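Report on the following structure.
In listed order, ligands and their atoms are each counted from 1. Every value quoted in this text rests on a predicted model; they were computed, and no experiment measured them. Residue numbers start at 1 and run along the sequence shown.
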Amino acid sequence: MSDIRQPRLTRRGFFKAAGLAAAAGAGAPVLGSLTPAVRSAKAADPGFTSHYSACDMCFNKCGVIARVQDGVVTKLDPNPKFLKSRGMLCARGNAGIAQLYDSDRLKYPLLRAGKRGEGRWKRIPWDEALDMAAERMQEVRSKYTPCGMLFTAGADLQSQFVSRFAEVFGSYNITSHESLCLLSNNRAYLDTFGETPYADVLNSRYIIMAGANRFEALVTPDSMDMMTALRSGCKLVVLDPRHTKTAALASEWHPIRPGTDMAFMLAVAHVIIAEKLYDEEWIREKTYGLEQLAGHVRPYTPQWAEQECGIPAQDIARMARELAAAAPAAMVYPGRRTSDYSNSTQIRRSFAIVNALLGNWDKPGGLLAARAVGLKGVPYDAPWYDENPFERVDAGIVPGLFEHDGSFVLTREAVLSAEPYPLKGWFVYKTNPMVNAPDRARTIEMCNAMDFMVVVDIAMSDTACMADLVLPAPGYLERQDPASGLQGSSACACVVQRDPVVPALYESRPVFEIVKELAGRLDLAEYFDFTIEEYRAKQLADLPDAPQALERDGVYYNPSKVYGIYEDRIYKTFSHKIELYNQRYESMGLDPMPVYTPPAAAPQGRFRLIIGRNACVTHGSTNNNALIHELVPENTLWIHPQSATPLGIRDGDMVEVSSPAGKGTIKAEVTERIRPDCVYMLTGFGTISDGLSRIKGVGASIAALLEGHYDSVSGNAAMHETFVSVSGRAS
Ligand SMILES: Nc1nc2c(c(=O)[nH]1)N[C@H]1C(S)=C(S)[C@@H](COP(=O)(O)OP(=O)(O)OC[C@H]3O[C@@H](n4cnc5c(=O)[nH]c(N)nc54)[C@H](O)[C@@H]3O)O[C@H]1N2
Ligand SMILES: Nc1nc2c(c(=O)[nH]1)N[C@H]1C(S)=C(S)[C@@H](COP(=O)(O)OP(=O)(O)OC[C@H]3O[C@@H](n4cnc5c(=O)[nH]c(N)nc54)[C@H](O)[C@@H]3O)O[C@H]1N2
Ligand code: SF4
Ligand SMILES: [Mo]
């Protein structure tokens, strides 16, 4: 762990930090033991140590310097040497202390004492908890084969240990949060460029951002680089049914009709091809299928697209020309979350195709290939279990399922139907499907279908409160994590790791230790016969300079090639070129080029429910944080005045929202920042767990309203396919 020199804390700075921590730690034993008198005495002599870490308040992993005073973390600062976040921490990053010292933290293992979900628990010792978990998992394994256990792990540096455990236990039923996130986007780019891209926002001259919100849905370094790019003259066009903060700062905003982005992109491709705005040499050398694409997009004129997406034809044609003039330092931003529609893969293919046509690839200002980080994998050979079924439980339903991530929505259906075989045990680590998967009622049924469900979390999340056994985990400031390679487009290819800044609080234990203990009890100890220290040494074996850099700077940079990576490389596609036309799709019976079908029209009197982020909130995991709660205390239903007025709904009224999946009561926010045919609400409210003291029952749960649609190619959740009705209600 690094102990780096920092300027001495000023009196004012100390009080600010102490106040922050005190606000965060109401009731927490560590801070509680510091009386105000002790605090001011310390202010006169502010001795503290500083420690590098990586923020975990979202997946971005921004570099952090934690101040520790008398064993207490008093402040989190950004690591100025961490280029991926351009030396910044966001509001959630600053609120990390409130997570560490939250009085709602899980403190010891809890065994269900009442009915499932009832919230009655019995404290048990760790040994008993681990013995029982191993025994119950063994029962599932012998009754239903090893594949009868499902393992679900969220975005985390230790999730690889959960996957490793699942595989040696013998189950290939592993799902990640990714099938609720960006898998259809990944599918589309893999099937066009052979890999998923990073966006060189910093050097771009023209960006079309459709269905992404970089000034609220923060992705580093893109969110910061977008500001810099705009100041240096980059043009940003935003297509979004909502007037987001990104739309507000953009050069142009078009409130596109939801579900019609493909119409826009096909028309852009039409103009580029009809006016020969592409580089012929690029097309000839690097791409496959221009002729087929030219024929395909001929009918998709801007005039046609205007009827579909509502953006004027002359604007579409102008944007196509402007994008082409700026190419290759230009892009249709690839976006991330594509949990939009049941044809999301094909929608995102249309984005990828426009980038491919213009050669916005592997050059400054365009989309970039992954850079070499140099971190080594730590392979292992999982044992073979003869009794196992042939495939994952969600296999064979969609053609483009990712073998290692699966589809949460399809897995849930398999659990409920017990087809093709029963799944009766569930190990959940650091992910919260009760809040983040669509159709909460189905997720509750899924929990109820389990013989045994264990959740490892830092808080009594809605998912944890449905479990049989809940195990308390330490947060990122309390644990040692393996090294992780991060990509930050042209900013960096780097490695970070974590060491405990303070010892783990209460009885919390990291999931690495949990699976190691379970492996020991299940005769699988040989697969976990290492420490994290040893694991890291293997990961860093090819990077001799890394340990010293990590110690000195908190981050190691690999000076690997940024541009021109594909100059002497073939593409990992069927044709070994960038695929405008996808032959593999054709052989699988899929459209080799995206074919437009209009989105379903809203039934009379109903609205399309759309989802999206707030810069201060991460999904469902920070809403209950004491500091963030002050900024975002509840969610509201955005509804346009044209829609609200005929329903007699005024700003601030309580309204009832209902869909075929469920209903909720929420405060209306009557605003022109959304199209009249849509309504919007933030995720993570309307929770049911007693353990979330600040937000239980506050606002409405969007997960309870969303229906469980999925993308027909990748199986990714399709969260924009639900129509809701809204009615006024006396407050
Ligand atoms: N503060 C914060 N930052 C985050 C996260 C967080 O939870 N909080 N989460 C992180 C994660 S995991 C991810 S995946 C990314 C997600 O990053 P984004 O994908 O950029 O995030 P969203 O807010 O989901 O943005 C989707 C936008 O699409 C709009 N939209 C809905 N339907 C349509 C449509 O049909 N067409 C178009 N053009 N637009 C549409 C919505 O109004 C919304 O503004 O954010 C990351 N950053
Ligand atoms: N309605 C709606 N649903 C969505 C989205 C949306 O925008 N709207 N976005 C989708 C997207 S893009 C994504 S990526 C997913 C994300 O979905 P999830 O993976 O469920 O993400 P989080 O809500 O961040 O849940 C993280 C869980 O981990 C716990 N946790 C936090 N830190 C720690 C820790 O250090 N250790 C342990 N053991 N637990 C910890 C939290 O308490 C929480 O229960 O949600 C998807 N679902
Ligand atoms: S974007 Fe914010 S919450 Fe996410 S890692 Fe960075 S500082 Fe932490
Ligand atoms: Mo995500």
* Using a 4.0 Å heavy-atom cut-off, say whether T463 meets ligand 2 through its side chain, its backbone, both or neither. => neither

* To do: Would you verify whether the NZ or CZ of R242 falls within 45 degrees of the ring axis of Y680 while also being under 6.0 Å from that six-membered ring's centre?
  => yes

* Asked: Can you find an N or O of P241 that's nearer than 3.5 Å to an N or O of ligand 1?
  -> no

* When you measure from atom 14 (S) of ligand 1 to each heavy atom in M262, R336, M57, which option holds the nearest one? -> R336

* Asked: Do any nitrogen or oxygen atoms of G612 come within less than 3.5 Å of a nitrogen or oxygen of ligand 1?
  -> no

* Asked: Is the shortest N/O to N/O distance between R242 and ligand 1 below 3.5 Å?
  -> yes

* To do: Establish, for the pair R348 and Y189, whether the NZ or CZ atom is under 6.0 angstrom from the six-membered ring centre and no further than 45 degrees off its axis.
  => no

* Determine whether the side chain, the backbone, both or neither of K61 has a heavy atom under 4.0 Å from any heavy atom of ligand 3. => backbone

* Within the structure, does A210 bring an N/O atom to less than 3.5 angstrom of an N/O atom in ligand 1? -> no

* **Polar atom proximity, Y429 to ligand 2 (N or O, under 3.5 Å)** => no

* **Heteroatom proximity flag, N614 to ligand 1, N/O under 3.5 Å** => yes

* To do: Enumerate the atoms of ligand 1 whose separation from the nearest heavy atom of F59 is less than 4.0 angstrom.
  => 10 (C), 11 (C), 12 (S), 46 (C)

* How does I611 reach ligand 2, by side chain, by backbone, by both or by neither, if only non-hydrogen atoms under 4.0 Å count? -> side chain

* To do: Mark up the atoms of ligand 3 that fall under 4.0 Å of a heavy atom belonging to M57, in ascending order.
  => 3 (S)

* Any N or O of V219 that comes nearer than 3.5 Å to an N or O of ligand 1? -> no

* **Option nearest atom 10 (C) of ligand 2 (shortest heavy-atom distance, choices L180, T622, D104)** => L180

* T618 N/O to ligand 2 N/O under 3.5 Å -> no

* Do ligand 1 and R257 have nitrogen or oxygen atoms that lie under 3.5 Å from each other? -> no

* Asked: Do N60 and ligand 1 have an N or O pair less than 3.5 Å apart?
  -> no

* M719: numbered ligand 2 atoms lying under 4.0 Å from its heavy atoms -> 2 (C), 3 (N), 4 (C), 47 (N)

* Does D457 approach ligand 2 within less than 4.0 angstrom via side chain, backbone, both or neither, non-hydrogen atoms only? -> both

* **Under 2.8 Å: N/O/S of C90 next to atom 2 (Fe) of ligand 3** => yes

* To do: Considering only non-hydrogen protein atoms, determine which one is nearest to atom 6 (Fe) of ligand 3 and report residue, atom name and distance to 0.1 Å.
  => C62 SG, 2.3 Å

* To do: Measure up the F161 and F512 rings against each other and bin them: parallel (under 30°), tilted (30 to 60°), perpendicular (over 60°).
  => tilted

* For I688 and K696, which heavy atoms make the closest approach, and how far apart are they? -> O-CE, 3.2 Å

* Structure fact -> The answer for which part of T260 has a heavy atom under 4.0 Å from ligand 1 is neither

* To do: Report the part of C181 (side chain from C-beta onward, or backbone N, CA, C, O) that has a heavy atom under 4.0 Å from ligand 2; answer both or neither where that applies.
  => both

* What are the two closest heavy atoms between L505 and E478, and how far apart are they? -> N-OE1, 2.8 Å

* Asked: For ligand 2, is any non-hydrogen atom under 4.0 Å from H177's backbone (N, CA, C, O), its side chain (CB onward), both, or neither?
  -> side chain

* **Option set K430, H619, E478, M681, criterion heavy-atom distance to atom 26 (C) of ligand 2, minimum** => K430

* **G620-ligand 2 polar pair, N/O distance under 3.5 Å** => yes

* Structure fact -> Nearest non-hydrogen contact to atom 29 (C) of ligand 1 from the set L218, N436, I610, D240 belongs to D240

* **Contact atoms of ligand 2, heavy-atom distance to I702 under 4.0 Å** => 1 (N)

* Asked: So is there a nitrogen or oxygen of T244 less than 3.5 Å from a nitrogen or oxygen in ligand 1?
  -> no

* May I have the step-by-step check of side-chain hydrogen bond (donor to acceptor under 3.5 Å, both in side chains) for D104 and S693, ending in yes or no? => CA-CA 7 Å; D104 279 350; S693 60; 2.8 Å; yes

* Residue L706 vicinity, atoms of ligand 2 by number, heavy atom under 4.0 Å -> 1 (N)

* Heavy-atom nearest option to atom 1 (S) of ligand 3, drawn from M88, M224, R92 -> R92

* Sub-4.0 Å heavy-atom contact, R92 with ligand 1 -> yes

* **Residue pair N343, Q346: steps toward the side-chain hydrogen bond (donor to acceptor under 3.5 Å, both in side chains) verdict** => CA-CA 6 Å; N343 63 340; Q346 294 287 11; over 6 Å; no

* **Proximity of P474 to ligand 2 by residue part, where a heavy atom lies under 4.0 Å** => backbone

* Which is it for T220 and R86 under the side-chain hydrogen bond (donor to acceptor under 3.5 Å, both in side chains) test, yes or no, and what are the steps along the way? -> CA-CA 8 Å; T220 60; R86 306 297 184 196; over 6 Å; no

* Heavy atom of Y680 under 4.0 Å from ligand 1? -> no

* Looking only at distances, please establish whether an N/O atom of ligand 1 is found under 3.5 Å from an N/O atom of A212. => no

